[in-house]
Structures are given as structure tokens and as C-alpha cells.
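Report on one structure; see the data block that follows.
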Amino acid sequence: MELPLKLNREFYKQPLLDLARKLPGKLLVKSTGSELLAGKIVEVEAYDGATDESAHSFNGKTPRTEVMFKEGGYLYVYLSYGVHYCCNIVTGNKDEGTAILIRALEPVIGIDQMAINRFGKDQISVKEKLNLTSGPGKLCKSMGIVKGDNGTDLVKGEIYLTESFETNQPGIVQTTRIGISKAKELPWRFYIKDNPYVSRK
DNA sequence: ATCAAGATTACCT
DNA sequence: GGTAATCTTGATA
């Protein structure tokens with residue numbers, strides 16, 4: 001399968017919310033030696049270290065949040081609740097501390113391998129397929145994204161984004177974010193309307 | 001050195 | 001709908 005055009009540095013350097021609106025529909029790709037995995041982004045959340053109390057970067061640069069302060073186009077991976085990895089796309093310019101959490105994907109390429117990564121088998125039910133990448137921890141498990149991928153350059157590395165397969169713009173819903181205790185009121189969650197892989201309505 | 005919190009998920013009732 | 005699992009980080013001493 002021929003992949004759409006890979007996104008470049010300029011794309012990632014757009015302001016946080018501009019980029020957050022544009023990410024749904026794009027493909028998240030992991031291309032290592034022999035294996036090719038890809039999923040369509042269907043749900044994201046924006047985090048802004050300058051103004052947003054719930055952003056990891058809100059209290060300034062620390063060893064953990066260092067990559068959030070790079071220029072746009074790097075991958076920020078962290079361990080959530082000591083259990084799951086979650087991945088973010090760093091956006092904007094150097095030292096802004098802005099990033100977008102990928103909350104859900106629709107599996108597109110390498111679905112068998114994703115099923116093995118997540119469930120340990122390649123034969124899965126319809127129900128299991130819907131559960132494969134419908135959450136930030138789930139998608140990292142399926143895509144095989146781990147702490148070592150923190151800091152990956154999305155322009156030069158094995159993990160990157162591409163343009164959408166579809167030419168028309170998907171219908172986007174904008175709401176408040178999930179699973180946070182601070183700055184709950186900010187409407188910085190974006191997802192594709194009626195897509196079954198969205199983590200929660 | 002110690003401690004509390006957390007951008008989640010799976011499994012229970 | 002409730003909660004255990006599990007561990008890194010950052011803050012405080």
C-alpha cells in the first residue's frame with residue numbers, strides 16, 4: 001500500500017490549536033526494518049505549558065518534559081499511572097512547551113501485528129478490533145511505542161505522520177478534555193464525528 | 001529519603 | 001459504576 005505524503009517540519013510548527021484541529025484524519029506511521037504499522041488519528045487533546053495547568057510542561061522544563069520544549073515535530077512519550085505509555089506530538093516553536101496527545105486511532109495498516117502487540121494473537125473479533133487503539137494507552141501498546149521512543153524526530157525517524165487518505169475534511173467535534181483534574185473547562189479535545197474508534201463520546 | 005499524584009485500562013458487581 | 005494495578009516524577013526534608 002502506498003502511503004500519503006509525509007508531513008514536514010513546517011506542519012508541526014503551527015500554533016497548538018491550529019494543529020490540533022488538523023490532526024484528525026492524518027496517519028500515524030511506524031516503519032521499522034520489516035514492519036509497517038499505521039493508524040488514522042481520530043481523537044486528540046491539546047496541552048499548553050504557558051497557560052494550561054494540566055499540561056506536564058506547566059511548571060517549566062524538567063528532565064521528563066524536556067522534549068515538550070523542543071520545536072514542533074518531536075514525539076513526547078510518558079508512562080501513565082505506572083502502567084501505560086501515551087504519546088504526544090510536540091508543536092510550535094522551541095521553548096513553547098506545547099504538545100498534542102494522540103488519544104485514539106483507527107487501525108489501517110499492519111492490523112494483525114497490532115493485534116499481536118496488544119492481545120498476543122492475530123485473530124481478533126470485531127469487538128476486539130474496536131478496542132485495539134481506542135485510547136491513548138491502547139494505541140501505544142498496539143503500535144509498539146515505548147519510553148525509548150521519547151524524543152523521536154518525526155521528520156527523520158521511524159515514527160512519523162502523513163497526510164490523510166481522504167481528500168475531504170472529516171467532521172470534527174470539539175469538547176473538553178478527559179481524565180484531568182485541572183483546567184477542565186478548556187475545550188481542547190478534538191475528534192472525528194461518529195468514528196467508532198473514539199475513546200468516549 | 002520519603003511521599004502523593006497521575007493526560008489509563010481492565011475487570012468486577 | 002467502582003476500583004486495583006503499578007511506578008515514575010517532582011516536590012519537600
Side-chain angles (χ1 to χ4, degrees), chain A residues 12 16-17 19-21 23-24 26 28 39 41-70 72 74-92 96-107 114-121 124-152 154 159 161 172-192 196-201:
Chain A
Y12 297 109
L16 178 66
L17 294 178
L19 195 63
R21 280 171 205 288
L23 283 187
K26 303 286 190 281
L28 172 64
I41 297 172
V42 300
E43 178 183 357
V44 300
E45 285 178 359
Y47 289 88
D48 176 5
T51 60
D52 169 13
E53 275 192 288
S54 67
H56 290 170
S57 50
F58 183 70
N59 289 312
K61 197 185 284 188
T62 65
R64 178 174 64 149
T65 62
E66 192 186 343
V67 325
M68 284 188 77
F69 290 89
K70 286 178 175 269
Y74 289 84
L75 195 69
Y76 167 50
V77 180
Y78 69 94
L79 184 64
S80 175
Y81 291 90
V83 181
H84 308 284
Y85 292 111
C86 297
C87 72
N88 299 248
I89 308 296
V90 177
T91 77
E96 282 185 359
T98 53
I100 299 170
L101 172 68
I102 310 288
R103 282 198 58 90
L105 298 176
E106 175 178 328
M114 291 190 206
I116 290 169
N117 291 346
R118 181 143 150 70
F119 300 120
K121 58 182 183 182
I124 56 172
S125 66
V126 172
K127 201 169 179 179
E128 285 170 320
K129 188 182 173 189
L130 283 169
N131 192 28
L132 197 54
T133 51
S134 55
K138 300 176 190 176
L139 94 242
C140 282
K141 186 88 191 284
S142 294
M143 295 286 291
I145 294 172
V146 294
K147 191 162 69 173
D149 295 313
N150 187 44
T152 296
L154 298 171
I159 300 173
L161 302 186
I172 305 290
V173 178
Q174 178 172 6
T175 54
T176 51
R177 297 173 294 181
I178 291 178
I180 54 173
S181 56
K182 295 172 238 169
K184 283 181 173 167
E185 71 286 355
L186 295 173
W188 286 1
R189 174 169 176 248
F190 301 86
Y191 64 86
I192 296 180
Y197 294 91
V198 169
S199 67
R200 179 178 167 266
K201 296 281 257 192

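Here is the naming used below: chain letters follow the sequence lines, and residue numbers restart at 1 for every chain. This one's a predicted model, so the numbers in the text were calculated from it and none came from an experiment. Note: hydrogens, waters and symmetry copies are ignored here, and every other heavy atom, side chains too, is used.
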Within this structure, what is the [atom1]-to-[atom2] distance between [X] and [N], rounded to whole angstrom?
| X | N | atom1 | atom2 | value |
| --- | --- | --- | --- | --- |
| A/Ile180 | B/dG6 | CD1 | P | 11 Å |
| A/Asn88 | B/dT8 | CG | P | 11 Å |
| A/Asn131 | B/dA10 | CG | C1' | 9 Å |
| A/Arg118 | B/dT9 | CZ | P | 8 Å |
| A/Ile89 | B/dA7 | CD1 | P | 18 Å |
| A/Glu53 | B/dA7 | CD | P | 12 Å |
| A/Leu132 | B/dT9 | CG | P | 13 Å |
| A/Leu130 | B/dA10 | CG | P | 14 Å |

So which one's nearest nucleotide on DNA chain C is more toward 5', A/Lys147 or A/His84?
-> A/His84
Any base atoms under 4.0 Å from [X], or only sugar-phosphate, or nothing? Heavy atoms, all strands.
| X | answer |
| --- | --- |
| A/Arg177 | nothing |
| A/Leu101 | base |
| A/Ser80 | sugar-phosphate |

For the side chain of [X] and the backbone of [Y], is there at least one donor-acceptor N/O pair under 3.5 Å apart?
| X | Y | value |
| --- | --- | --- |
| A/Thr65 | A/Ser57 | no |
| A/Arg118 | A/Asn131 | yes |
| A/Asp149 | A/Val146 | yes |
| A/Glu106 | A/Val42 | no |

Could you please spell out the steps behind the side-chain contact (heavy atoms from CB on, under 4.5 Å) verdict for A/Tyr197 and A/Ile192?
-> CA-CA 9 Å; A/Tyr197 294 91; A/Ile192 296 180; over 6 Å; no
Presence of A/Arg103 side-chain N/O under 4.0 Å of B/dT8 phosphate oxygens OP1/OP2 = yes
Reckon A/Ser181 has a side-chain N or O less than 4.0 Å from the OP1 or OP2 of B/dG6?
-> yes
Calculate, to the nearest 0.5 Å, the distance between atoms CD1 and CG belonging to A/Ile89 and A/Leu16 respectively.
-> 12.0 Å
Distance from A/Leu132 atom CG to A/Met143 atom CE, nearest 0.5 Å?
-> 10.5 Å
So among A/Lys182, A/Arg177, A/Lys184, which one has a salt bridge (Lys or Arg N to Asp or Glu O under 4.0 Å) with A/Asp52?
-> A/Arg177
Strictly under 3.5 Å: I want the nitrogen or oxygen pairs between protein and nucleotides 10-13 of chain C, one per line.
residue: C/dG10; atom: OP1; partner: A/Thr62; partner atom: OG1; Å: 2.1

Ignoring the backbone of A/Lys138, work out which of C/dT6, B/dA7, B/dT9 is nearest its side chain.
-> B/dT9
Between C/dT6, B/dA7, C/dC7, which nucleotide gets closest to the side-chain atoms of A/Leu79?
-> C/dC7
Pairing nucleotide - C/dT6, Watson-Crick or G-U, each distance under 3.5 Å = none
Under a 3.5 Å limit on both distances, the Watson-Crick or wobble mate of B/dA7 is none
base_contact_polar (C/dA5 base, A/Tyr81 side chain, donor-acceptor, <3.5 Å) | no
